[in-house]
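A short write-up of the structure that comes next.
In what follows, every chain begins at residue 1, and chains take the letters A, B, ... in the order their sequences are listed.
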Amino acid sequence: MIHNYLFLSIILFCLGIVGVISRRNVFTVFMSIELMLNAANLAFVAFSRIHQSMDGHVLAMMVMAVAAAEAALALAVVILLHKHKSKLDTNVFSLLKG
Amino acid sequence: MFADGLFLVFAVLAVLGAAGLILFRHPMNGAMSFVVTLIALAGLYALLSAKLIFALQLIVYAGAIMSLIVFIIMFLNIQPSDLPKEETKLLYIIGSMIAVFPIGMFLVKIVKSLPKSSTEIIGNNFGGVKQVGLLLFKDWLVPFEIVSILLLVSLIGAVILAGKREAVK
């Protein structure tokens with residue numbers, strides 16, 4: 001059944017949100033965001049299978065390109081933060097706190 | 001059915017990999033278990049007869065993006081003492097699960113209202129390179145060009161952010 005794929009996508013998305021909320025390691029937070037993007041991709045492909053049109057596949061490709069761009073930028077920021085504070089804890093990075 | 005069994009295997013692998021990503025303390029272990037999730041998702045795309053996305057998931061996601069992340073994790077040479085102390089991690093995980101649960105149930109209710117449809121593999125080159133490529137360059141040409149500009153911007157941004165500071169001055 002196609003519903004099982006969508007249920008799996010919901011589970012993966014919720015696990016991604018849990019990872020973003022509960023973890024403090026920068027890398028784990030980043031990979032949780034990637035997990036949420038992947039769950040959205042799975043939903044896109046499942047819906048394009050329901051309607052038997054390939055627009056969902058094109059959108060999944062777009063999401064992959066955006067994820068690649070995001071990975072390049074986010075890892076550059078992580079390297080910069082590690083250079084300044086030599087920590088990976090998100091609680092340490094509070095420069096903008098009033 | 002053979003495809004149902006495959007779906008079950010891939011689904012369990014994907015959920016276990018995601019749980020490992022959340023639970024492991026060292027980011028390297030998390031990245032490795034996330035690779036398991038990505039490969040299981042590639043199998044699911046193949047079951048949904050999305051051939052091009054299946055290949056791209058393996059090449060771009062599990063190949064390029066994850067190797068970039070693993071490379072950076074190794075590059076920073078993270079010792080266990082560098083990692084944040086997360087004594088209240090389990091408490092936070094349970095709390096955020098309780099917070100996310102209503103959203104998940106809402107989405108499940110939406111999905112249950114959809115009409116049922118089968119997932120048999122369809123032929124006719126559905127999801128093949130030619131079909132998806134034609135669609136991409138006919139109906140989705142403008143988003144495609146915008147994505148190319150986005151990739152260029154992120155390339156320049158990454159070079160400027162992570163490059164040497166002295167060269168800028």
| request: Over all heavy atoms of both residues, which pair between A:F7 and B:K112 is shortest? Give the atoms and the distance, please. | output: CZ-CG, 4.0 Å
| message | Give me the atom names and distance for the closest heavy-atom approach of A:L73 to B:G157. | response | CD2-C, 3.8 Å
| Nearest heavy-atom pair of B:A158 and A:A72: which atoms, and what distance? | CB-O, 4.0 Å
| task | Answer whether the closest heavy-atom distance between the side chains of A:V78 and B:L76 falls below 4.5 Å. | result | yes
| field | A:E34 vs B:Y61 side-chain heavy atoms within contact, under 4.5 Å | value | yes
| request: Check whether B:A99 gets within reach of chain A through its side chain, its backbone, both or neither, counting any heavy atom under 4.5 Å. | output: neither
| said: Heavy-atom cut-off 4.5 Å, strictly under: side chain, backbone, both or neither for A:E70 against chain B? | reply: neither
| query | What option among B:G127, B:A14, B:S148 has the most heavy-atom pairs under 4.5 Å with chain A? | reply | B:G127
| Do A:V26 and A:L80 share a hydrophobic cluster, counting only Ile, Leu, Val, Met, Phe, Trp and Tyr and linking them when any side-chain heavy atoms are less than 4.5 Å apart? | yes
| Cluster overlap A:L96 with A:V29, hydrophobic side-chain contacts below 4.5 Å | no
| field | Part of B:F144 lying under 4.5 Å from any heavy atom of chain A | value | both
| Atom CG in A:N25, atom CZ in B:F24: separation rounded to 0.5 Å? | 13.5 Å
| query | Under 4.5 Å between side-chain heavy atoms, hopping through other hydrophobics if needed: is there a path connecting B:V108 to B:M97? | reply | yes
| request: Specify which of B:I65, B:I94, B:V60 makes the most heavy-atom pairs with chain A at under 4.5 Å. | output: B:I65
| What are the two closest heavy atoms between B:G104 and A:C14, and how far apart are they? | CA-SG, 3.9 Å
| said: Quiz question: by atom type and distance under 3.5 Å, do the side chains of A:N41 and B:Q57 form a donor-acceptor pair? | reply: no
| Would you call A:I2 and B:K116 a side-chain contact if the rule is heavy atoms closer than 4.5 Å? | no
| request: Go through the atoms of B:L68 and report whether side chain, backbone, both or neither lie under 4.5 Å from a heavy atom of chain A. | output: both
| task | Would you indicate whether B:K51, at its atom NZ, is surrounded by more than 12 heavy atoms from other residues, nucleotides or ligands within a distance under 6.0 Å? | result | yes
| task | Give, as side chain, backbone, both or neither, the part of B:I78 having an atom under 4.5 angstrom from any heavy atom of chain A. | result | side chain
| request: Measure distances from A:F47 to the heavy atoms of chain B and classify the residue's part below 4.5 Å as side chain, backbone, both or neither. | output: side chain
| Does A:F44 belong to the same Ile/Leu/Val/Met/Phe/Trp/Tyr cluster as B:V111, with side-chain heavy atoms less than 4.5 Å apart forming each link? | yes
| said: Less than 4.5 Å to any heavy atom of chain B: does that hold for the side chain of A:L12, its backbone, both, or neither? | reply: side chain
| If you count heavy-atom pairs under 4.5 Å between each of A:D55, A:L6, A:L88, A:I79 and chain B, which one has the most? | A:D55
| field | Side-chain heavy-atom pair A:F13, B:V100 within 4.5 angstrom cut-off | value | no
| query | Using non-hydrogen atoms only, which part of A:F30 is less than 4.5 Å away from chain B: side chain, backbone, both, or neither? | reply | side chain
| field | Gap between atom NE2 of B:H26 and atom CZ of A:F27 - 0.5 Å precision | value | 9.5 Å
| Is it the backbone or the side chain of A:V66 that comes under 4.5 Å from a heavy atom of chain B, or both, or neither? | both
| task | Please look at A:L8 and chain B and tell me whether the side chain, the backbone, both or neither of the residue comes under 4.5 angstrom of a heavy atom of that chain. | result | side chain
| task | Take A:V58 and B:V132 through the side-chain contact (heavy atoms from CB on, under 4.5 Å) test and state the conclusion after the steps. | result | CA-CA 7 Å; A:V58 177; B:V132 178; 4.0 Å; yes
| query | Which distance, rounded to the nearest 0.5 Å, do you find between the CD1 of A:I21 and the OH of B:Y92? | reply | 11.0 Å
| field | Heavy-atom contact with chain A under 4.5 Å, split by part of B:S49 | value | both
| remark: Separation between CD1 (A:I10) and NZ (B:K109), nearest 0.5 Å, reads 12.5 Å
| remark: Value for CE (A:M31) from CD1 (B:I73), rounded to nearest 0.5 Å, stands at 4.5 Å
| said: So for A:I11, is it side chain, backbone, both, or neither that comes closer than 4.5 Å to the heavy atoms of chain B? | reply: side chain
| task | Counting only heavy atoms closer than 4.5 Å, note whether B:L48 contacts chain A via side chain, backbone, both or neither. | result | both
| Among B:D139, B:L136, B:L107, B:L135, residue most engaged with chain A (heavy-atom pairs, under 4.5 Å) | B:L135
| query | Are the side chains of B:L44 and A:L42 in touch, meaning some heavy atoms are under 4.5 Å apart? | reply | yes
| note | Highest number of heavy-atom pairs under 4.5 Å with chain A among B:K89, B:M66, B:R25 belongs to B:K89
| field | Contact class of A:H3 relative to chain B, heavy atoms under 4.5 angstrom | value | both
| query | Should A:S32 and B:L21 count as side-chain neighbours, where that means a heavy-atom distance under 4.5 Å? | reply | yes
| note | When rounded to the nearest 0.5 Å, the distance separating CZ of B:F10 from OH of A:Y5 is 9.5 Å
| query | Under a 4.5 Å heavy-atom cutoff, which of A:V92, A:N4, A:I17, A:I50 has the most pairs with chain B? | reply | A:N4
| Contacting region of B:F75 [heavy-atom separation from chain A under 4.5 Å] | side chain
| said: Can you confirm whether A:L35 sits close enough to B:T37 that some side-chain heavy atom of one is under 4.5 Å from a side-chain heavy atom of the other? | reply: yes
| remark: Whatever's closer than 4.5 Å to a heavy atom in chain A on B:V15 counts as both
| task | Sort out for me which of A:V77, A:L15, A:N38 touches chain B most, counting heavy-atom pairs under 4.5 Å. | result | A:N38
| message | Please classify the contact of B:K85 with chain A as side chain, backbone, both or neither, using a heavy-atom distance under 4.5 Å. | response | backbone
| message | Please verify the inter-ring angle class for A:H57 with B:F126; under 30° counts as parallel, over 60° as perpendicular, anything in between as tilted. | response | perpendicular
| task | Please look at A:A39 and chain B and tell me whether the side chain, the backbone, both or neither of the residue comes under 4.5 angstrom of a heavy atom of that chain. | result | neither
| Relative to chain A, which segment of B:L38 carries a heavy atom at a distance below 4.5 Å: side chain, backbone, both, or neither? | side chain
| query | Does CE in B:M28 sit with more than 12 non-hydrogen atoms of other residues, nucleotides or ligands closer than 6.0 Å? | reply | yes
| task | Please determine, among B:L150, B:L151, B:L41, B:V147, the option with the most heavy-atom pairs under 4.5 Å with chain A. | result | B:L41
| said: At a 4.5 Å cut-off on heavy atoms, which part of A:S9 comes close to chain B: side chain, backbone, both, or neither? | reply: neither
| query | Using non-hydrogen atoms only, which part of B:L52 is less than 4.5 Å away from chain A: side chain, backbone, both, or neither? | reply | side chain
| said: Assigning hydrophobic clusters by single linkage (Ile, Leu, Val, Met, Phe, Trp, Tyr; side-chain heavy-atom cutoff under 4.5 Å), is B:V129 placed with A:M54? | reply: yes
| Interface moiety of B:L83 toward chain A, non-hydrogen atoms closer than 4.5 Å | side chain
